[in-house]
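All values reported here derive from a predicted model rather than from experimental measurement.
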Amino acid sequence: MPTIIENSLIAPDIYRMRVKGIAQGAPGQFFMLRTSRGMDPFLPRPISICDATAEETTFVYRTVGKGTALLSAMREGDALLCGLPLGNGFPLCEGKAVLIGGGLGVAPLLYLAKRLQQTGVYTYAYVGYSGEPFLQEEYQGAAGEFHPKQGGYITDDVDFSLPATYYACGPEPMLKAAAKKARAAGAKLHVSVESRMACGTGACLGCVLPTAHGNRRVCKDGPVFDATELYFEDTL
């Protein structure tokens, strides 16, 4: 059974959990996590992969309700229920990549930065924080250029005219701003969308999202989409 190696506070309300005994997922994928102690709350919580090796997987999450509060109370050696990695993940690119993260969107992009680095892709990482920064040391080792920002809008700092593939993960307003700028510049942008989920496998249809190709399930068809598929432009 998956077992917790570490579960520590790294910023106000932000925890890093390292787990052994689970399948290695790809950048952009997620797991449905829940404590093994009892069945309340019944539904697990979707948490993106922050880093992974064959030996262990790292999650970074914020405590926002009962489910994540219970996760934060787990300790080294505790068993975790999580199943298999879910979602489609980020498509890898060649050449150069620009990563744009905001809030907890900083976490899954770190794993992408590390994977791209391994394949020889040069990365520019732009990460924005509304509160205390986290994972900055890890980004400095994983990205060719690291541009952190505390407060304001991280998309204002990004040059969308570079010959690169762009990736964004974070709050919806940030994704909308990135999509608008990418569209104006003719840049290729992949976005990871956040959504409330119940099953994580597409069966419950609780995370359906309207797209240019009809309704899509964030958990099964995403969470990563080409920005041109989404109706961000209609709300700007």
> Does T211 use its side chain to pair, donor to acceptor, with the backbone of H213 at less than 3.5 Å?
Replying inline: yes
> So, for Y111 and A26, which heavy atoms are closest and what is the spacing to 0.1 Å?
Replying inline: CE2-C, 3.5 Å
>> With a 3.5 Å distance limit and no angle check, can you tell me whether Y153 reaches the backbone of G128 through a side-chain donor-acceptor pair?
In response: no
> Checking salt bridge (Lys or Arg N to Asp or Glu O under 4.0 Å) against D226, which of R183, K188, R216 comes through?
Replying inline: K188
> Yes or no on side-chain contact (heavy atoms from CB on, under 4.5 Å) for L104 and I14, after CA distance, side-chain angles and deciding distance?
Replying inline: CA-CA 9 Å; L104 276 183; I14 305 292; 3.9 Å; yes
> Is L189 linked to Y122 within one hydrophobic cluster, defined over Ile, Leu, Val, Met, Phe, Trp and Tyr using a side-chain heavy-atom separation of less than 4.5 Å?
Replying inline: yes
> How many angstroms lie between CZ in F31 and CG in L86, if you round to the nearest 0.5 Å?
Replying inline: 7.5 Å
> Is there a ring-ring contact (aromatic ring centres under 6.0 Å, His included) between F134 and Y129 once you walk through the steps?
Replying inline: CA-CA 8 Å; F134 54 94; Y129 304 93; 5.4 Å; yes
> Would you find more than 12 non-hydrogen atoms of other residues, nucleotides or ligands less than 6.0 Å from K220 atom NZ?
Replying inline: no
> Has the side chain of N7 got a donor or acceptor atom that lies under 3.5 Å from a matching backbone atom of Y15?
Replying inline: no
>> Any side-chain to backbone donor/acceptor pair from Y167 onto S192? Under 3.5 Å, distance only.
In response: no
>> Restricting to non-hydrogen atoms, name the atom on G25 and the atom on A52 that form the minimum distance, rounded to 0.1 Å.
In response: O-CB, 4.4 Å
> Which pair of heavy atoms, one from C219 and one from C207, lies closest together, and at what distance?
Replying inline: N-SG, 3.4 Å
> At their closest point, which heavy atom of V60 faces which heavy atom of C50, and how far apart are they?
Replying inline: CG2-SG, 3.7 Å
>> With a 3.5 Å distance limit and no angle check, can you tell me whether Y139 reaches the backbone of A113 through a side-chain donor-acceptor pair?
In response: no
> In a check of ring pair (Phe, Tyr, Trp, His ring centres under 6.0 Å) between F160 and each of Y126, Y166, Y124, which one passes?
Replying inline: Y166
>> Determine whether E194 and L175 satisfy the following criterion, side-chain contact (heavy atoms from CB on, under 4.5 Å), listing intermediate values before the conclusion.
In response: CA-CA 10 Å; E194 295 180 353; L175 298 183; over 6 Å; no
> So if you build clusters from Ile, Leu, Val, Met, Phe, Trp, Tyr with side-chain heavy-atom gaps below 4.5 Å, do I10 and F146 land together?
Replying inline: yes
> Between the side chain of N88 and the main-chain N/O of V224, is any donor-acceptor distance below 3.5 Å?
Replying inline: yes
> Looking only at heavy atoms, which two atoms of I5 and K20 are closest? And how far apart?
Replying inline: CD1-CB, 3.7 Å
>> The test is side-chain contact (heavy atoms from CB on, under 4.5 Å); show your working for H147 and D157 and say whether it passes.
In response: CA-CA 9 Å; H147 303 276; D157 298 353; over 6 Å; no
> Same hydrophobic cluster for V98 and L112, using side-chain heavy-atom links shorter than 4.5 Å among ILVMFWY?
Replying inline: no
> Does atom CD of Q24 have more than 12 heavy-atom neighbours from other groups under 6.0 Å away?
Replying inline: yes
>> Walk me through whether M74 and L80 qualify under side-chain contact (heavy atoms from CB on, under 4.5 Å).
In response: CA-CA 9 Å; M74 300 183 75; L80 183 73; 3.8 Å; yes
> Under 4.5 Å between side-chain heavy atoms, hopping through other hydrophobics if needed: is there a path connecting I100 to V191?
Replying inline: yes
> Would you say T58's side chain and E56's backbone share a donor-acceptor pair under 3.5 angstrom?
Replying inline: no
> Which atoms form the tightest heavy-atom contact between R16 and L135, and what is the distance?
Replying inline: NH1-CD2, 4.2 Å
>> Is there a path of hydrophobic side-chain contacts, each under 4.5 Å between heavy atoms, that joins I49 and M17?
In response: yes
> Under 3.5 Å, side chain of E94 to main-chain N/O of V121, donor-acceptor pair present?
Replying inline: no
